[in-house]
Amino acid sequence: MAYSLCSSPSPILHERQSLSFSLYSPRKFSPRNFHSNHVSKLSFLSSQPKTSSIQISHVSVQDPITQETQNENVTESVATRDPDEKSGSSSKSYIWVNPRSPRASQLRKKSYDSRYNTLVEVAESLNSCIASEDEVFKVLESLGGNILEQDAVVVLNNMMNTDTVLLALKYFQENSKPKREVILYNVTLKVFRKAKNLEGAEKLFDEMLQKGIKPDNVTFSTMISCARISYFPEKAVEWFEKMSSFGCDPDDVTYSAMIDAYGRAGNVDMAFSLYDRARTEKWRIDPVTFSTLIKIHGQSGNFDGCLNVYEEMKAIGTKPNLVIFNTLLDAMGRAKRPWQAKKIYQEMITNGFTPSWVTYAALLRAFGRARYGDDCLNVYKEMKEKGMQLNVILYNTVLSMCADVGYTDEAISIFEDLKSSETMPDSWTFSSMITIYSCSGQVSEAEAMLNEMMEAGFEPNLFVLTSLIQCYGKAKRTDDVVRTFNQLLELGISPDERFCGCLLNVMTQTPKEELFKLSACIEKAYPKLGYVVKLLLQADEKNEIFRKEASALFDTIGADVRKAYCNCLIDLSVNLDLLDRACELLDLGLAKEVYTDIQSRSPSQWSLNLKGLSLGAALTALHVWINDLSKALESGEEFPPLLGINTGHGKHKYSDKGLAGVFDSHLKELNAPFHEAPDNVGWFLTTKVAAKSWLESRSSSEVVTPQSFVDL
């Protein structure tokens, strides 16, 4: 049986290629270069029965590439022949060689594989030698005088040193006779790509042009990919747009890569235009490009677009990688869609991926921003268990979430973890801790944290001082509130609308005899608000003047604080037993659309919706609703089968009581027939019969008097 000797693989190739030998006379092969969709296709000669053939296969200069450029699939093919070969062909008989004979061993040594190993060793020597012409040429002289073009390609392709590779290129140009010199330049450019040295690659390109060497598609594909992995997407776009001027037509792989480049360069329209074309013409798109498309949608706020790209990617059979999953998790976090972040994370685990630090960071942000307290803490604990270090931004994310949902003990523990690590707290870290202590009414702890903050070199900012004022207000320490306000002015900090809203909120918790102290602070901080508060405190002022000034205030302040201001003013009115003022403010709030849909009616149910209202505002709305129900009864309106009050669900974040708990007690005091629905948290329901009976039993002179504030 004939025996075929096969050489070991060349690392230049992504595929293993065979070099088969026989002992029949050599044939002449003409050089040929070929491209098919820019994907290297190597021809393999299958063994003939009882025969083998000597042939050196075409050599591809496509080197292994990074994930960033793994789908460029641009190749160059070089066909070489033995310089001693003579034209024509002979047809001598095949000679069988015993694989165990000494001659077979000699043939193995003479194979190009042996030559290839020598060339790789030369490349390694060039990577480490001094970048001087003498040293580089000395190393290359070991190859002898008969250097093939293929030899030059192998050496250059295995090099990493951008200084010595230029000298090696010069040597090969002088000592070999390349049939297409652009091939040597292309493999040299790939060395610069490996080093992410775009500047050096551009200089080498200019040298090509000066020597009159025309770049080909592979040249431009290499330059584009070099710009991409060097994080210069604008440069990648420039190189892409130069191709036509050199008579080069991009293939679908290059076009696909440009979706990523245009996206990163900020040309979103072009990126999506190419993506639409890619879907129509069924280009192969790499995961890096899909990741960029998801980022583009996320940055523009089109979070549904992120998910659509993800589904399209799966539909065409492209498997998502860890980068894709992490990009999606980050997008869902910014979208405040923690439920979708959970689903994507589960898909990631199902696909066999191990969460990275980036994965956990994205989950922390997603759950923290959405106030998914337990989920956020679980991710934090898992990171700590795996020995992962958090940076100060992630610590602040978790602490901010704790401040938002009232996880005081957990925040204290996390802050201790931070201090015991190598991470240094910043001003936001201290701010979160002061907020947590302040909202919990822990005055001494908040003050101690302020001192620690200042010792660390951070001055208290507006956020910190706002929290301290809230803390002193809860503790009924009015003089400390005034002192902190004066400290703010001394630091040259201008009070903003939120700070003034905090002062207004503190007034709702302050004894009547000390309200004038805070009223003076508000007048200094925000004169227009101060005047409305002054009119409110002067109960003898006419409602027309008060309504006019309050209306002007609501037209002036930002939309994000209007409800908070209105809630506080109503609360203050209720505390001062000024029910008419409270009703006037509620009516004004409805007219200005500060409150919407408080009362709703359908054929099956009339409802009072109190979600988002403060306690005083909710009690005032209840008073108005009961009076409206009484009027409806007197006018003979038909009541629906059910009447309900929706207080929202859950407890207040820094108290054991919520609006539902307070209303339960208050409705019992009124002897109202509303009872909490066991299967619908926060709802109090009654029937038409019970409601009409209760309304009829009430005295026409009876009013609903809101109870004093109960600490939530």
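Values below: all heavy atoms of this structure, side chains included; hydrogens, waters and symmetry mates excluded.
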Minimum-distance pair of heavy atoms, taken over all atoms of [X] and [Y]:
X	Y	value
Met258	Ala236	CE-O, 3.7 Å
Asn197	Ser230	N-OG, 4.3 Å
Trp339	Lys336	CZ3-O, 3.7 Å
Cys306	Gly298	SG-N, 3.4 Å
Ser244	Glu241	OG-O, 4.0 Å
Met159	Ala168	SD-CB, 4.0 Å

- Message: Would the distance check show the side chain of Thr292 and the main-chain N or O of Val288 forming a donor-acceptor pair, the cut-off being under 3.5 Å?
- Response: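 Yes; judged by distance alone, with no hydrogens or angles, the pair exists.
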- Output yes when a side-chain donor or acceptor of Ser300 lies under 3.5 Å from a complementary backbone atom of Ile296, and no otherwise.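 Confirmed, Ser300 side chain pairs with Ile296 backbone.
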How long is the straight-line distance from [atom2] of [Y] back to [atom1] of [X], given to the nearest 0.5 Å?
X	Y	atom1	atom2	value
Trp239	Ile224	CH2	CD1	9.5 Å
Cys226	Glu202	SG	CD	8.0 Å
Ile213	Asp216	CD1	CG	11.0 Å

Just by distance, with hydrogens left out, do [X] and [Y] show a side-chain donor and acceptor under 3.5 Å apart?
X	Y	result
Asp426	Thr429	yes
Asn609	Tyr595	no
Glu347	Tyr310	yes

- Task: Please collect all salt bridge (Lys or Arg N to Asp or Glu O under 4.0 Å) contacts where either partner lies in residues 295-309, sequence neighbours excluded, each pair once.
- Result: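 Counting only pairs at least two positions apart or across chains, the salt bridge (Lys or Arg N to Asp or Glu O under 4.0 Å) contacts touching residues 295-309 are Asp304-Arg337.
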A side-chain contact here means heavy atoms from C-beta on lying under 4.5 Å apart; do [X] and [Y] qualify?
X	Y	result
Arg365	Leu394	yes
Leu322	Ser356	yes
Ser427	Phe463	no
Phe272	Tyr262	no
Leu119	Gln150	no
Tyr395	Trp428	no
Asp375	Pro338	no
Leu377	Ile414	yes

- Can you establish whether the number of heavy atoms outside Arg601 located under 6.0 Å from its atom CZ is more than 12?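 Buried by this count: over 12 neighbours within 6.0 Å.
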- Take Glu312 and Tyr275, measure what side chain to side chain donor-acceptor pair (under 3.5 Å) needs, and give me the verdict at the end. CA-CA 11 Å; Glu312 288 170 2; Tyr275 180 57; 2.3 Å; yes
- Query: Do Tyr360 and Tyr345 have ring centroids that are under 6.0 Å from one another?
  - Reply: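 No, the ring of Tyr345 stays outside the 6.0 Å limit from the ring of Tyr360, centre to centre.
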- Query: When you look at Asn302 and Asn308, which way does the side chain to side chain donor-acceptor pair (under 3.5 Å) test go after all the steps?
  - Reply: CA-CA 10 Å; Asn302 183 7; Asn308 289 339; 5.9 Å; no
- Is Glu238 salt-bridged to Lys242, going by a charged N under 4.0 Å from an acidic O?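 Looking at Glu238 and Lys242, the cut-off is not met.
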- Message: Run the salt bridge (Lys or Arg N to Asp or Glu O under 4.0 Å) test against Lys196 and tell me which residues pass, sequence neighbours left out.
- Response: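 Salt bridge (Lys or Arg N to Asp or Glu O under 4.0 Å) list for Lys196, sorted by chain: empty.
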- Of Asn217, Thr222, Thr219, which meets side chain to side chain donor-acceptor pair (under 3.5 Å) against Asn186?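 Among Asn217, Thr222, Thr219, the one meeting side chain to side chain donor-acceptor pair (under 3.5 Å) with Asn186 is Thr219.
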- Message: Over 60° means perpendicular and under 30° means parallel, so tell me whether Tyr372 and Phe367 are parallel, tilted or perpendicular.
- Response: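 If you compare the ring of Tyr372 with that of Phe367, the planes turn out parallel.
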